Amino acid sequence: DSNGVEVKKFKRFESYKRDNQFPPKVKDMGIILDQKNATIVLPVMGRPVPFHINTIKNASKSDEGEWSFLRINFLSPGQGVGRKDDQPFEDASAHFVRSLTFRSTEGHRYTEIANQIANLKKDAVKKEQEKKDMED
Amino acid sequence: MAAIESFDNIHLDLSKENGKCRFAENGLGWKPAGGGEAFTLDSSNIGAAQWSRAARGYEVKILQRTSGVIQLDGFQQEDYERLSKIFKSWYSITLENKEHSLRGWNWGKAEFGKAELTFSVQNRPSFEIPYSEISNTNLAGRNEIAVEFAVNEDSRANGRNGAATSGKGKKASAGKDQLVEMRFYIPGTTTQKKAEGEDA
């Protein structure tokens, strides 16, 4: 049964080990892409909160009047996407952050961030696939 | 220790403007650098205090006895010892060092405290949401909870209106990227049983 075996394969990943690894720009309390650490840092109530690219499903931008919205969707159970080894789905009691939505008046910046997230995600998936191919 | 301990370039509840934060035996105060209404907190209302890394330097978070959360950020790492002494000797309170999770995971545990919701990853807080910032919550789907934030409609100016600690939506809209909604996946016991049943 492939189901039972693959569940345990979750690979650990980590954005940062120490808080001095945050990009200095976090002080602006904006969304930051940290390519080097494959992480997106999001401002939540004055705190920089890292999310590794492996946790991200996608990002989408929309507009409403003068405001632009950036919605970041995370991988979570019940979406029918994502591989089982990306997350500890064996822990049935875990809570997940499923999405975060931000707004600003700088729509072009949100378009750019959405594109960058898509590219970072693509790179991460590609790297993971290459690793897998090497193992096989 | 001096009768007053003072710190510059401190922000109150993520205010755009910085100010001077002063501690004395009977409580603390904050005054915007450019002048304006001061905020004061009586020592009898200090329930607990936490020290942690914030976006702007380090943060002292005060959990009020009357519920509610005061955030003071912009401190330097080396201020910790001085502040820790202030809280200990004047308020008999331990300034608790809270290290946040830096793992970058989106799963953990959402826990409801007295004044805020804490999302923890491996028993370390990842972020907190004061209840005062929440404008609405609803069940968006099976096992999905949507939390909406009170964004300040004057937030383009990002100003702080007077003694705004009682106001809503100041913190979510403090930065250039304003948090408007957050969704959680919370497994329910019924669906868990169902899922197990499906697997069997």
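In this text the structure is predicted, and so the values were computed from the model without any measurement. Labels below follow one simple rule: chain letters A, B, ... track the order of the sequence lines, proteins then strands, and each chain is numbered from 1.
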Under a single-linkage definition using a 4.5 Å side-chain heavy-atom cutoff for Ile, Leu, Val, Met, Phe, Trp and Tyr, are [X] and [Y] assigned to the same hydrophobic cluster?
X: A:I32; Y: A:V49; result: no
X: B:F39; Y: B:F23; result: yes
X: B:I70; Y: B:V60; result: yes
X: A:I56; Y: A:L70; result: yes
X: B:W107; Y: A:V41; result: no

Taking the basic N atoms (NZ, or NE/NH1/NH2) and the acidic carboxylate oxygens, is any pair closer than 4.0 Å for B:E144 and A:R98?
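Salt bridge: yes.
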
With a 6.0 Å cut-off (strictly less than), is the heavy-atom count around [atom1] of [X], excluding the residue itself, greater than 12?
X: B:N123; atom1: CG; value: no
X: A:K25; atom1: NZ; value: no
X: A:E130; atom1: CD; value: yes

Let me know if [X] has heavy atoms under 4.5 Å from chain A in its side chain, its backbone, both or neither.
X: B:F119; value: side chain
X: B:H100; value: side chain
X: B:E181; value: both
X: B:E59; value: side chain

Taking side chain as C-beta onward, heavy atoms only, is [X] less than 4.5 Å from [Y]?
X: B:R183; Y: A:R71; value: yes
X: B:Y185; Y: A:V97; value: no
X: B:W105; Y: A:F13; value: yes
X: B:M182; Y: A:V44; value: yes
X: A:D19; Y: B:Y58; value: yes
X: B:E116; Y: A:M45; value: no
X: B:D177; Y: A:R109; value: yes
X: A:S15; Y: B:L102; value: no

Worked check of side-chain contact (heavy atoms from CB on, under 4.5 Å) between B:Q178 and A:F69:
CA-CA 9 Å; B:Q178 308 172 354; A:F69 294 82; over 6 Å; no

Which one of B:N143, B:N106, B:I186 satisfies the side-chain contact (heavy atoms from CB on, under 4.5 Å) criterion with A:F96?
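That would be B:N106; it is the only one of B:N143, B:N106, B:I186 passing the side-chain contact (heavy atoms from CB on, under 4.5 Å) with A:F96.
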
Who among A:Y16, A:F102, A:F22 has the most heavy-atom pairs with chain B under 4.5 Å?
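Most heavy-atom pairs under 4.5 Å with chain B: A:F102.
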
Tell me, out of B:R53, B:H11, B:R56, who's got the most heavy-atom pairs with chain A below 4.5 Å.
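Highest number of pairs under 4.5 Å: B:R53.
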
Nearest atoms (heavy-atom pairs only) where [X] meets [Y]:
X: B:A110; Y: A:H95; value: N-ND1, 2.8 Å
X: B:P187; Y: A:A94; value: CD-O, 3.3 Å
X: B:F127; Y: A:F51; value: CE2-CZ, 4.4 Å
X: B:A55; Y: A:V26; value: CB-O, 3.3 Å

Can a donor-acceptor pair be found between the side chains of A:R47 and B:S52 at a distance below 3.5 Å?
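There is such a pair between these side chains.
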
Can you find a side-chain donor-acceptor pair between A:H52 and B:R103 that sits under 3.5 Å?
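B:R103 and A:H52 do not have a side-chain donor-acceptor pair below 3.5 Å.
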
OG-CZ distance between A:S99 and B:F184, expressed to the nearest 0.5 angstrom:
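Output value for this atom pair is 9.5 Å.
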
